[in-house]
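Small disclaimer: the values here were computed from a predicted structure and weren't measured. Throughout, a chain's letter reflects where its sequence line sits, starting with A, and its residues are numbered from 1.
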Amino acid sequence: MTPVPDSIVFDNVSKFYGEVLGVNRVTLTIPPGITSLVGPNGSGKTTLMNLMTGLVQPSRGDIRIRGVKPSEPEKLFRFLGYATQFDSFPKGATGFGFVYGSLRLLGGGHADAEKLAWQAIEQVNLVEAAKRKIAGYSKGMRQRIRLAQAIAHDPQVLVLDEPLNGLDPLVRAETIAMFRMFANQGRHVIVSSHILHEVDMISDQVILLSNGYVVAEGQIRGVRSEIEEHPMQVLIRCSRPSEVARRFFEHEHVVEVKLHSDRGGLLVKTRDADRFYRLLNQVAMEGVDIDTVAPADDDVNSVYTYLIGAEEATK
Amino acid sequence: MNQLPWRLWAAQVAAVMRLELKKSFFARRGLWIYILAAMPVVLFTAHTISERADVEAVRARASITPQQREEIREGMSRDEVLAKLGKPFSSETRRRRNNVRETLWYSDGQAQFQVILRDDKVVQTGVNQGGSLGEDWQVFAAVYQYFFLRFAIFFGCVGVFMNLFRGEMLDKSLHFYLLAPIRREVLVVAKYLSGLVATTVIFTASVALQLTAVFALYDSNTVDQFLKAAGGWQQVWAYLGITPLACLGYGSVFLFAGLLFKNPLIPASLMLMWEGVNWFLPALLKKFSVIFYLQSLCPVPANPMGDIAAPLRLLASTAAPTPAPLAILGLLGLAAALLALSAMRARKLEINYSTE
Ligand SMILES: Nc1ncnc2c1ncn2[C@@H]1O[C@H](COP(=O)(O)OP(=O)(O)O)[C@@H](O)[C@H]1O
Ligand SMILES: [Mg+2]
């Protein structure tokens with residue numbers, strides 16, 4: 001392995017949880033920029049991120065983050081911030097207290113930590129809620145405060161596990177813009193998602209995972225057009241679903257709309273994810289409260305089967 | 001040594017302790033630690049209050065002098081007693097098949113005096129002086145060694161130290177520490193110190209309150225004399241000093257156990273058994289326990305030999321207790337070794353919330 005000082009390098013890395021395979025024989029070199037880890041639930045995205053940050057240790061193989069081993073936290077976390085998927089916080093913490101407390105762990109003084117904490121909180125637009133307890137935050141706010149904690153010490157490498165999950169379309173767009181800005185500054189931004197459409201347009205590189213294996217790696221735009229022909233199902237929980245359904249039906253890329261029997265949401269089948277998400281943004285701005293946007297699961301899996309099948313066919 | 005970033009480590013330890021102390025003192029999981037610490041305080045306070053009520057009663061009922069007490073002899077008649085001492089403040093009569101027993105109680109202000117009569121003749125007299133500080137001190141020493149050290153501090157440390165890592169694994173918040181630029185060794189030390197501060201404050205305060213309760217029963221002259229003349233101060237300081245050492249020793253054991261075991265009952269009962277058989281272990285093995293050192297430091301030696309059967313006594317090795325400086329060094333060495341093992345273990349620690 002030739003050392004690549006500015007890259008994240010996995011050299012034949014495997015992780016087994018007892019008998020269970022986490023990831024297997026992963027060899028990757030990730031340059032700076034936005035890299036998305038994409039794969040269905042259980043494909044090994046979190047495992048890969050935990051390996052990168054030393055939360056778990058490889059059963060085999062070697063990992064270097066810009067030349068530093070994950071087993072040296074005292075060096076690694078000076079330049080790396082990780083927002084995990086774990087939706088849990090220290091007991092009783094406020095948003096500010098949480099970010100401030102972890103900044104103090106760097107070993108600096110009160111004033112520095114306070115300044116950096118407010119900067120990060122401002123960046124994720126949580127200033128108003130910062131002094132409230134996290135226990136009372138919405139899912140999107142918890143997602144954002146975790147992001148604030150990860151970026152607060154201005155890291156060169158950002159690792160974010162499903163960072164867009166639970167964000168409403170507006171905040172999602174802002175967050176993506178922030179990732180882009182970081183990437184343009186020469187940083188690593190590693191994000192994961194189980195929805196390819198969510199990240200493929202914003203990523204410089206996509207790594208596709210399936211059952212613990214890296215099945216494709218590189219710029220995904222080529223594969224994209226193939227997926228476009230394959231309809232995607234999205235589940236939306238929102239206010240006024242029948243009105244939203246009517247709006248969606250006006251567009252020809254929408255193949256099918258089904259209202260939920262509890263009148264709290266709907267299922268949309270679309271052929272064009274980009275236009276669908278743009279439309280969803282518009283609807284949100286028109287005042288519809290959108291609670292959840294989630295791909296209907298078996299459909300994601302079918303996209304992957306499709307995608308992975310296509311990948312193998314081109315070999 | 002100078003290249004090591006001691007200042008950084010100190011700042012990081014302080015930052016961790018700021019977060020940890022709150023948890024150690026106020027964790028809902030830790031409520032029973034306060035109960036354990038409060039139990040002997042309640043016991044001694046209740047004893048003092050009830051004894052003091054007795055003393056007050058004796059004083060209030062004073063009707064005779066100590067000299068008058070001396071004048072009562074066996075064989076005197078009931079009328080003679082009443083003529084000399086007057087009416088008793090209380091009496092009790094029991095009729096038996098062939099005689100009548102009567103007890104008369106008087107008070108001279110300091111002690112109770114009882115006169116027992118059979119068929120109107122004095123058969124016995126007695127003076128009830130109440131407890132003494134010396135006796136109470138023996139009780140305190142026994143409670144300290146058999147309840148406080150072996151039970152209260154022991155389980156208090158199980159609660160605080162075993163949860164330092166394990167508790168955050170259960171709460172799913174341990175990863176925040178592991179994602180900070182802190183060496184795992186520094187994290188282990190910082191968490192240990194937090195636990196040590198919390199347990200030391202709680203249990204030393206308990207000892208101070210227990211001592212206050214014990215002394216509160218006696219007038220300042222008696223207490224002064226005990227503290228100064230009878231070497232009391234030395235013992236008081238010894239108990240106040242052994243308490244933090246106990247937290248330090250048991251703390252290191254259960255910090256390590258918390259990194260090894262998921263279920264706290266397993267290491268707690270193993271340790272309880274190991275310390276329980278400590279008396280019967282060969283001299284070398286004895287040293288791998290906490291109670292051995294603590295026992296050597298206690299001013300009033302415990303004597304379980306008196307309580308156990310002779311055949312078992314033969315099994316116990318009769319190594320002399322270690323002198324105090326050696327006992328302290330031994331305990332510090334044991335704690336340091338366990339801290340080192342804990343640090344090694346912490347380097348291997350993985351976040352594994354799902355299977356907890
Ligand atoms: N702590 C663990 N113990 C046992 N198996 C685990 C653990 N963490 C993850 N796994 C398994 O490893 C595989 C990959 O999981 P994960 O990395 O969480 O995937 P993803 O983040 O893509 O959903 C899954 O099969 C999962 O069940
Ligand atoms: Mg995951």
Side-chain angles (χ1 to χ4, degrees), chain A residues 15-18 20 22 42 46-47 49-59 68 70-93 97-110 112-113 134 146 149-150 152-153 155 159 161, chain B residues 4-30 163-165 167-191 194 343-356:
Chain A
K15 172 66 184 175
F16 292 89
Y17 300 100
V20 182
T46 300
T47 300
M49 292 185 154
N50 285 353
L51 282 166
M52 234 182 263
T53 51
L55 289 192
V56 299
Q57 285 156 15
S59 315
V68 173
S71 58
E72 301 173 306
E74 68 278 15
K75 289 186 192 153
L76 183 66
F77 295 110
R78 295 268 158 211
F79 65 86
L80 187 150
Y82 179 19
T84 63
Q85 202 181 12
F86 310 124
D87 195 11
S88 50
F89 295 86
K91 268 208 192 102
F98 169 57
V99 179
Y100 171 84
S102 57
L103 280 167
R104 286 306 296 271
L105 296 177
L106 294 171
H110 162 75
D112 277 352
I134 295 177
R146 265 183 284 152
Q149 190 251 350
H153 61 299
V159 182
D161 203 352
Chain B
L4 292 178
W6 289 106
R7 301 248 321 249
L8 172 68
W9 289 346
Q12 290 183 325
V13 165
V16 173
M17 286 180 75
R18 246 192 312 274
L19 298 170
E20 288 291 304
L21 279 177
K22 249 181 267 169
K23 276 185 264 176
S24 294
F25 276 114
F26 300 115
R28 208 169 305 155
R29 246 183 232 122
N163 278 326
L164 287 176
F165 283 91
E168 281 184 33
M169 198 68 108
L170 294 175
D171 290 347
K172 303 189 196 288
S173 58
L174 185 58
H175 61 283
F176 293 117
Y177 283 129
L178 304 192
L179 296 178
I182 299 183
R183 296 180 70 112
R184 299 259 173 110
E185 294 85 343
V186 175
L187 181 64
V188 164
V189 169
K191 277 186 163 269
S194 312
M344 274 161 60
R345 184 77 197 169
R347 285 192 65 88
K348 294 260 176 317
L349 184 68
E350 296 193 332
I351 291 294
N352 188 6
Y353 294 153
S354 50
T355 52
E356 281 290 313

Looking at chain A, which one of [options] has the largest number of heavy-atom pairs inside 4.5 Å, strictly under?
options                               : answer
B/Ala15, B/Ser173, B/Pro181, B/Ala180 : B/Pro181
B/Leu178, B/Leu179, B/Asp171, B/Val13 : B/Leu179
B/Lys348, B/Lys22, B/Arg184, B/Glu168 : B/Lys348

Is there a side-chain contact between A/Pro90 and B/Phe176 in this structure, where contact means two heavy atoms from C-beta onward sitting under 4.5 Å apart? yes

Note, A/Pro73 side chain near B/Ile182 side chain (heavy atom, < 4.5 Å):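 In short, these two side chains do not touch, never coming nearer than 4.5 Å.
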
So which part of [X] gets closer than 4.5 Å to some heavy atom of chain B, the side chain, the backbone, both or neither?
X        : value
A/Phe98  : side chain
A/Leu105 : both
A/Thr84  : side chain
A/Glu72  : neither
A/Lys91  : side chain

Going by an N to O cut-off under 4.0 Å, is there a salt bridge joining B/Glu350 and A/Lys15?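 Yes, B/Glu350 and A/Lys15 are salt-bridged.
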
Side-chain (A/Gln57) to main-chain (B/Arg347) donor-acceptor, under 3.5 angstrom: yes

May I ask you to decide if B/Lys172's main-chain N or O and A/Ser88's side chain share a donor-acceptor pair within less than 3.5 Å?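 Such a contact is found between A/Ser88 side chain and B/Lys172 backbone.
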
Given A/Leu55, which of B/Asn352, B/Leu174, B/Leu349, B/Ile351 fulfils the side chain to side chain contact (heavy atoms under 4.5 Å, CB included) condition?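 With A/Leu55 as partner, B/Asn352, B/Leu174, B/Leu349, B/Ile351 yield a single side chain to side chain contact (heavy atoms under 4.5 Å, CB included), made by B/Ile351.
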
How are the rings of A/Phe86 and B/Tyr353 set to each other: parallel, tilted or perpendicular (split at 30° and 60°)?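 Ring orientation of A/Phe86 relative to B/Tyr353: perpendicular.
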
With a 4.5 angstrom heavy-atom cut-off, which part of B/Leu187 approaches chain A: side chain, backbone, both or neither? neither

NE2-CG distance between B/His175 and A/Asn50, expressed to the nearest 0.5 angstrom: 9.5 Å

Return each pair, listed once, that meets salt bridge (charged side-chain N to carboxylate O under 4.0 Å, His left out) where at least one residue sits in residues 8-21 of chain B; pairs must be two or more places apart or across chains. B/Glu20-B/Lys23, B/Glu20-B/Lys191

